[in-house]
> 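This is the structure I have questions about; it appears just below.
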Number of protein chains: 2
Amino acid sequence: MRFVIIGGDAAGMSAASKAKRNNPATEVVVLEQTEDVSYSACGIPYNIADAQRDVDDLVVRRAEVFREKQGIDLRLGHRADEIDRAKKRVIGKAGGSSFDVYYDKLLIATGARARMPNIPGKDLPGVKVVRSLEDGRQIKAYLASHRVDKALIVGAGYLGLEMVESLHDRGAQVEVAEFRTELLPWMPRAMAQVVRSELEGKGAKLHLGTEVCDIRPIDGRMKVFTRKDSIETDLVIVATGVDPNSEIADRAGLELGPSRSIAVNKALRTSDPDIFAAGDCADAFHVITGKRVWVPLALRANRSGWAVADNLFGDVVQLPGIVGTSVFKVLDMEVARTGLSVPEAQDEGYDVVEEFVKNRSRAHAHPGNQDIFVHLVAEKKTGRLLGGNIVGKEGAAHRIDALAVALHARMTAEDFFQCDMAYAPPFSPVWDPLLTAANQLLKKLK
Amino acid sequence: MRFVIIGGDAAGMSAASKAKRNNPATEVVVLEQTEDVSYSACGIPYNIADAQRDVDDLVVRRAEVFREKQGIDLRLGHRADEIDRAKKRVIGKAGGSSFDVYYDKLLIATGARARMPNIPGKDLPGVKVVRSLEDGRQIKAYLASHRVDKALIVGAGYLGLEMVESLHDRGAQVEVAEFRTELLPWMPRAMAQVVRSELEGKGAKLHLGTEVCDIRPIDGRMKVFTRKDSIETDLVIVATGVDPNSEIADRAGLELGPSRSIAVNKALRTSDPDIFAAGDCADAFHVITGKRVWVPLALRANRSGWAVADNLFGDVVQLPGIVGTSVFKVLDMEVARTGLSVPEAQDEGYDVVEEFVKNRSRAHAHPGNQDIFVHLVAEKKTGRLLGGNIVGKEGAAHRIDALAVALHARMTAEDFFQCDMAYAPPFSPVWDPLLTAANQLLKKLK
């Protein structure tokens with residue numbers, strides 16, 4: 001059995017390692033177009049924040065380890081271009097020459113790429129995206145060789161806001177240009193305002209409803225033109241989202257899913273049973289709606305990579321799907337979500353009830369108490385929980401998992417409210433903020 | 001409708017307030033034997049830790065507020081002695097004289113009391129328990145008026161260990177005498193060792209298998225005799241557990257539950273339908289076993305108080321029960337548990353599989369990373385999760401709630417492993433430690 005994997009990051013290397021662990025006789029070939037494998041892409045903003053840290057700290061396992069200790073045939077600098085499904089071959093380029101590899105089973109784990117708006121000046125040396133380890137190296141090299149007093153981040157999604165913290169920590173005055181007129185549109189306005197206050201309180205400037213249309217070099221800096229005015233800056237970080245690297249699958253005639261991600265079943269097989277897809281290039285089923293959805297996140301990438309390895313010799317693992325749980329940190333604020341937002345739930349046809357509470361992170365009178373904000377969304381008819389958001393300076397990131405588990409368990413707000421949660425004064429009020437939010441939500445459901 | 005409540009702390013005052021909110025016409029009479037109501041008993045160790053804080057900071061709502069703003073007939077210094085069920089009257093003493101109050105519905109919310117072993121010297125002024133606000137005042141007064149270089153805590157349960165932190169913060173050299181031969185017997189030995197190392201690393205001395213049998217005053221200090229030797233100390237804190245204040249219910253012929261707590265149904269009614277019991281004096285159903293259990297904790301006290309108020313005019317609320325989730329902090333360590341321990345599960349007849357993992361609190365290479373330890377227990381036959389423990393310097397306290405929700409949802413280890421949890425480098429590895437533990441457990445279940 002020759003198992004070929006296109007892409008050597010989270011999903012690809014998880015699959016490669018597990019395939020070898022499951023059955024050392026499996027021949028595992030990984031085709032990776034860059035020189036980097038198996039690194040923590042999500043750690044890049046935090047690494048950039050610290051001038052002293054080497055970007056290569058983010059490498060989880062080095063190529064030699066995969067090759068020598070695990071017996072994986074890892075081929076760096078190998079760009080796969082085409083899949084010949086009839087002949088079961090992957091065709092591509094390495095160095096100056098072509099290659100052509102036979103597979104018994106193939107995994108497409110090509111990930112996603114940073115979306116770069118097509119604007120004049122996007123190729124200037126001071127305009128960067130944050131996606132690959134190489135992007136991280138380039139940004140750090142730029143910071144080391146240029147004076148960056150001001151930085152402009154284009155896009156206020158989670159990566160854009162993580163980069164606010166990162167560049168703020170590097171001493172830059174940070175501005176953010178977001179083309180949407182609302183910050184974090186998946187949460188209630190009062191909750192987004194908490195995040196906005198954190199940003200502005202620490203000196204970051206937010207421009208909503210602002211589209212960047214031109215970037216011009218000027219006296220060693222850059223002038224960024226929006227539809228309304230212009231901003232001078234030393235560094236531009238473009239964080240306007242990602243697109244799945246699904247072209248190779250599309251050209252091979254494989255079925256695509258939402259946002260042109262590669263459609264896979266619960267066993268991670270594409271429309272060709274000999275070809276799997278996993279990680280940020282592939283879709284998933286949403287546990288709440290049962291529908292296909294594209295939410296490229298690291299845990300799913302690792303989980304689906306493992307599942308592919310388990311299913312090489314027949315479908316052993318069926319992944320039930322995701323609820324889209326995510327968290328990020330911006331300055332001192334933890335921002336977490338899971339499940340459907342109100343607009344998403346309404347788009348799915350749910351009649352929605354929502355509740356938003358401001359609460360405290362610790363017990364009455366306990367030192368160090370912080371505000372914590374909890375938002376819950378439920379279906380009116382059944383009371384079933386559909387999703388929620390948590391924002392706060394402590395305890396938001398880990399609390400979201402309790403709600404994520406409740407969504408997987410298809411709990412109603414009442415079921416959730418009855419859960420026996422932990423209490424001690426340093427960690428929560430007697431009624432955890434999650435329970436208080438559920439109780440308030442129940443009043444609206446009655 | 002006259003609703004009489006015996007006991008004015010968590011359960012009693014929760015019931016009183018909610019009864020008035022539900023129906024302002026309800027006459028609510030609270031009989032409280034002390035002069036204190038509605039305070040955070042769990043906050044006492046943390047308050048003692050700080051000489052500058054007033055113990056009365058822990059009062060959540062003052063008596064006047066209950067009386068004047070909420071219209072509750074709150075009678076302090078009223079000790080209830082007997083319940084005459086035939087005449088529906090509570091008989092007791094207030095000041096020098098007797099009282100006798102008629103009830104339509106009665107709530108017994110008498111709480112639990114610190115267990116004091118019957119040893120010579122237990123009444124010395126330097127021997128204290130930590131239960132009521134008055135206990136807190138006495139300990140702080142003692143600390144203010146005596147030099148306490150050394151303190152001995154008798155009992156290494158959660159209160160005893162919280163008091164280690166508290167008195168360590170006050171500058172005392174702390175020793176702990178525990179009659180059991182094992183520390184925290186509900187968790188794996190390797191996990192208890194983590195807590196022990198934290199204690200010993202910060203200078204606390206632990207004497208396991210050590211029974212205190214005599215305390216004698218000596219030169220302004222005390223000499224505490226164990227079966228083996230003796231320890232000189234300036235302060236003795238007895239934290240050897242609590243007993244339910246159920247005698248008044250027992251004398252009235254009401255049915256008792258485990259550990260002589262007051263037996264209640266899911267609507268919180270005792271064996272007399274006109275008498276409810278709630279809080280630390282009452283039992284509950286365990287969600288895993290379905291059996292009666294006595295686990296006196298603050299959330300259940302508040303929850304059951306509310307439920308009684310809702311059920312005054314007929315059973316509206318049925319509480320499904322508890323899983324016994326609890327957490328405490330000792331020095332820099334968070335110690336959390338939920339569900340059944342291995343010995344408890346075995347006593348219930350479960351064939352048990354358990355897994356214990358050491359993991360990291362943050363992503364690979366993220367600064368500030370700490371060890372975190374997760375223990376999971378499941379039923380071998382079905383894979384159903386039965387309980388678990390989490391210990392670590394960060395993220396243990398809030399992570400336990402995700403497991404508690406899974407227990408309420410009757411999830412298997414596989415269900416739990418499939419949950420889509422949050423990931424960002426400051427908060428966890430890509431695979432949350434809970435998921436890593438579940439994955440390891442699954443290998444044992446297969």
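Every value quoted in this text rests on a predicted model; they were computed, and no experiment measured them. Order of the sequence lines fixes the chain letters, A, B, ..., with proteins taken first and strands second; residue numbering starts at 1 for each chain.
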> Examine whether an atom of A:L407 lies under 4.5 Å from a heavy atom of chain B, and if so say whether it belongs to the side chain, the backbone or both; otherwise answer neither.
neither
> When heavy-atom pairs shorter than 4.5 Å are enumerated against chain B, which of A:T338, A:T325, A:D415 gives the highest number?
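Going by pairs under 4.5 Å, I would pick A:T325.
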> Kindly give the heavy-atom pair with the smallest separation between B:A424 and A:V327, and that separation in Å.
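So the two residues come closest at CB-O, 3.3 Å.
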> Supply the atom-to-atom distance B:D401 CG to A:M421 CE, rounded to the nearest 0.5 angstrom.
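Going from the CG atom of B:D401 to the CE atom of A:M421 covers 5.0 Å.
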> Below 4.5 Å, heavy-atom pairs only: which of A:C42, A:G321, A:A336, A:A10 has the largest tally toward chain B?
A:C42
> Which region of B:L299, side chain (C-beta onward) or backbone (N, CA, C, O), has a non-hydrogen atom less than 4.5 Å from a non-hydrogen atom of chain A, or is it both or neither?
both
> Relative to chain B, which segment of A:Y423 carries a heavy atom at a distance below 4.5 Å: side chain, backbone, both, or neither?
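A:Y423 touches chain B through backbone and side-chain heavy atoms alike.
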> In terms of heavy-atom proximity below 4.5 Å to chain A, should B:L435 be classed as side chain, backbone, both, or neither?
side chain
> Checking A:W431 against B:R303 for the side chain to side chain contact (heavy atoms under 4.5 Å, CB included) test, could you report, in this order, the C-alpha distance in whole Å, the side-chain angles of both residues, the deciding distance, and whether it holds?
CA-CA 9 Å; A:W431 291 96; B:R303 189 191 289 284; 3.6 Å; yes
> Report, in residue-number order, which members of residues 47-55 of chain B are under 4.5 Å from chain A by heavy-atom distance.
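B:R53 fall under the 4.5 Å cut-off.
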> Just so I understand: if I count every heavy-atom pair under 4.5 Å between each of A:A301, A:P425, A:A298 and chain B, which residue has the most?
A:P425
> Anything under 30° is parallel, anything over 60° is perpendicular, the rest tilted; go ahead and classify B:F417 against A:W306.
parallel
> For A:R170, does the CZ atom sit with more than 12 other heavy atoms under 6.0 Å from it, leaving out its own atoms?
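Enclosed.
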> Could you check which of A:R300, A:M411, A:R410 has the highest count of heavy-atom pairs closer than 4.5 Å to chain B?
A:M411
> Given a strict heavy-atom distance threshold of 4.5 Å, which part of B:N439 is in contact with chain A: side chain, backbone, both, or neither?
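When you check distances to chain A, only side chain atoms of B:N439 fall under 4.5 Å.
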> Does A:H398 reach the main-chain N or O of B:F427 with its side chain, forming a donor-acceptor pair under 3.5 Å?
yes
> Go through the steps for B:V60 and A:H364 under the test side chain to side chain contact (heavy atoms under 4.5 Å, CB included), then give the verdict.
CA-CA 7 Å; B:V60 179; A:H364 170 77; 4.0 Å; yes
> If you count heavy-atom pairs within less than 4.5 Å of chain A, which of B:G395, B:P45, B:A365, B:P429 leads?
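Going by pairs under 4.5 Å, I would pick B:A365.
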> Answer yes or no: does atom CZ of B:R360 have more than 12 heavy-atom neighbours from other residues, nucleotides or ligands under 6.0 Å?
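Correct, the count exceeds 12.
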> Check whether any side-chain N or O of B:D420 sits under 3.5 Å from a backbone N or O of A:G324 as a donor-acceptor pair, and report yes or no.
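It does hold such a pair.
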> A:L319 vs B:Q418, test: side chain to side chain contact (heavy atoms under 4.5 Å, CB included). Steps then yes/no.
CA-CA 7 Å; A:L319 296 185; B:Q418 290 298 341; 3.5 Å; yes
> Side chain, backbone, both or neither: which part of A:A397 has a non-hydrogen atom closer than 4.5 Å to chain B?
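A:A397 touches chain B through backbone and side-chain heavy atoms alike.
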> With respect to chain B, which residue among A:V287, A:N302, A:L297, A:I400 yields the maximal number of heavy-atom pairs within a distance under 4.5 Å?
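Counting heavy-atom pairs under 4.5 Å, the top option is A:N302.
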> Relative to chain A, which segment of B:V59 carries a heavy atom at a distance below 4.5 Å: side chain, backbone, both, or neither?
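Contact with chain A involves the backbone of B:V59 alone.
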> By a 4.5 Å heavy-atom criterion (distance strictly below it), what part of A:I322 contacts chain B: side chain, backbone, both, or neither?
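A:I322 touches chain B through backbone and side-chain heavy atoms alike.
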> Heavy atoms only, distances under 4.5 angstrom: which of A:P426, A:P367, A:S326 has the most pairs with chain B? Name it, please.
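Winner by heavy-atom pair count: A:P426.
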